[in-house]
Amino acid sequence: MTATYENDIVAWAKEQAYLLRSGHLSALDIEHIAEEIEDVGKSEQRELASRMALLLSHLLKWQYQPERQSSSWQRTIKEQRKAVLRRLKNTPSLKVSLNDIEWLEDAWGDAVSIAIHETSMDCFPEVCPWTIASILSEDWLPGEKL
């Protein structure tokens, strides 16, 4: 190998792809390839969590700052819902995250932190009061009954 993982990951990746395509399997850097594949999955999980936290933070702001509700907030909520649902559609294995208590607690914690930072309020619940079905429902907003 001429390119090393540690020195130039882009050149390394191109070289690894070439080796794979040309059938030179014995020359592959298997350990680092495995790490990169795992990192792709972790990146997808982080993206889903980030989208969910942003969605939840806007739902919190919607509920706790009714006087500031705006079409801009509604658009953000709608966009984040679509992004979460698109991510789940494109990567169905991520759906298990929605049933993972720790994952949800982390996303909720991030959402509360965002909401506190953006509102200077500190009155938000410690646990998410909404169901996943409500959170992802196209037309639902806090304070409304489904």
Side-chain angles (χ1 to χ4, degrees), residues 3 5-6 8-25 28-146:
Y5 180 81
E6 292 81 11
D8 188 343
I9 195 165
V10 173
W12 171 87
K14 287 180 182 179
E15 183 173 308
Q16 296 303 303
Y18 170 78
L19 292 170
L20 273 168
R21 288 185 181 104
S22 63
H24 294 100
L25 304 182
L28 290 170
D29 183 356
I30 300 296
E31 187 58 36
H32 287 119
I33 290 171
E35 282 180 35
E36 289 300 313
I37 291 170
E38 288 172 340
D39 285 348
V40 168
K42 290 175 186 174
S43 175
E44 290 294 317
Q45 289 175 321
R46 283 190 299 272
E47 178 67 17
L48 178 64
S50 175
R51 297 283 187 174
M52 182 63 83
L54 191 55
L55 170 57
L56 291 169
S57 70
H58 272 74
L59 292 172
L60 279 168
K61 293 190 308 184
W62 185 270
Q63 181 170 347
Y64 286 87
Q65 289 188 307
E67 71 283 358
R68 300 197 61 196
Q69 292 173 355
S70 67
S71 60
S72 171
W73 282 4
Q74 280 186 305
R75 276 192 308 275
T76 299
I77 290 167
K78 186 176 186 174
E79 289 168 11
Q80 293 310 312
R81 278 186 177 133
K82 283 182 178 181
V84 166
L85 292 170
R86 194 170 40 251
R87 187 118 351 251
L88 294 171
K89 179 183 176 196
N90 293 338
T91 315
S93 63
L94 289 176
K95 289 179 184 174
V96 299
S97 298
L98 301 179
N99 297 317
D100 180 333
I101 301 296
E102 284 185 33
W103 184 88
L104 285 170
E105 287 173 352
D106 287 346
W108 181 254
D110 291 346
V112 169
S113 293
I114 293 167
I116 289 171
H117 176 75
E118 292 181 0
T119 65
S120 298
M121 299 171 73
D122 192 11
C123 58
F124 305 113
E126 288 186 34
V127 295
C128 182
W130 312 305
T131 65
I132 291 295
S134 294
I135 293 165
L136 297 179
S137 178
E138 185 177 328
D139 296 320
W140 179 83
L141 291 168
E144 298 178 358
K145 302 272 187 212
L146 276 180

Would you give the length of the straight line joining atom [atom1] of [X] to atom [atom2] of [Y], rounded to the nearest 0.5 angstrom?
X     : Y      : atom1 : atom2 : value
Ile33 : Gln16  : CD1   : CD    : 4.0 Å
Ser97 : Arg87  : OG    : CZ    : 12.0 Å
Lys95 : Ile132 : NZ    : CD1   : 13.0 Å
Leu28 : Glu15  : CG    : CD    : 9.5 Å
Gln80 : Arg86  : CD    : CZ    : 9.0 Å
Leu19 : Leu25  : CG    : CG    : 9.0 Å

Parallel, tilted or perpendicular: rings of Trp12 and His32 (30°, 60°):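 Geometry flag for Trp12 against His32: perpendicular rings.
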
Short N-O contact, Arg81 and Glu138, less than 4.0 angstrom: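 No salt bridge links Arg81 with Glu138.
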
Thr119 and Tyr64: CA distance, side-chain angles, deciding distance, side chain to side chain contact (heavy atoms under 4.5 Å, CB included) verdict: CA-CA 9 Å; Thr119 65; Tyr64 286 87; over 6 Å; no

Main-chain N/O of Leu54 paired with Ser57 side-chain donor or acceptor, under 3.5 Å: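 Yes: the side chain of Ser57 pairs with the backbone of Leu54.
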
Trp140 (side chain) donor-acceptor with Ile135 (main chain) under 3.5 angstrom: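 Not confirmed, Trp140 side chain does not pair with Ile135 backbone.
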
Would you say [X] and [Y] make side-chain contact, with heavy atoms under 4.5 Å?
X      : Y      : result
Lys14  : Val10  : yes
Leu55  : Ile77  : yes
Leu60  : Pro125 : yes
Leu88  : Leu98  : yes
Asn99  : Val96  : no
Gln74  : Leu141 : yes
Ile114 : Lys61  : no
Ser113 : Phe124 : no

Return the minimal non-hydrogen interatomic distance between [X] and [Y], and the atom names on each side.
X      : Y      : value
Arg46  : Asp39  : NH2-O, 4.4 Å
Ala111 : Ala53  : CB-O, 3.4 Å
Trp130 : Pro142 : CZ2-CG, 3.8 Å

Arg51 and Leu85: CA distance, side-chain angles, deciding distance, side chain to side chain contact (heavy atoms under 4.5 Å, CB included) verdict: CA-CA 10 Å; Arg51 297 283 187 174; Leu85 292 170; over 6 Å; no

Ile30 atom CD1, over 12 foreign heavy atoms within 6.0 Å: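 Yes, CD1 of Ile30 has more than 12 neighbouring heavy atoms, counting only those of other groups under 6.0 Å.
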
Side chains of Glu36 and Tyr5, donor plus acceptor under 3.5 Å: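 Short answer, yes.
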
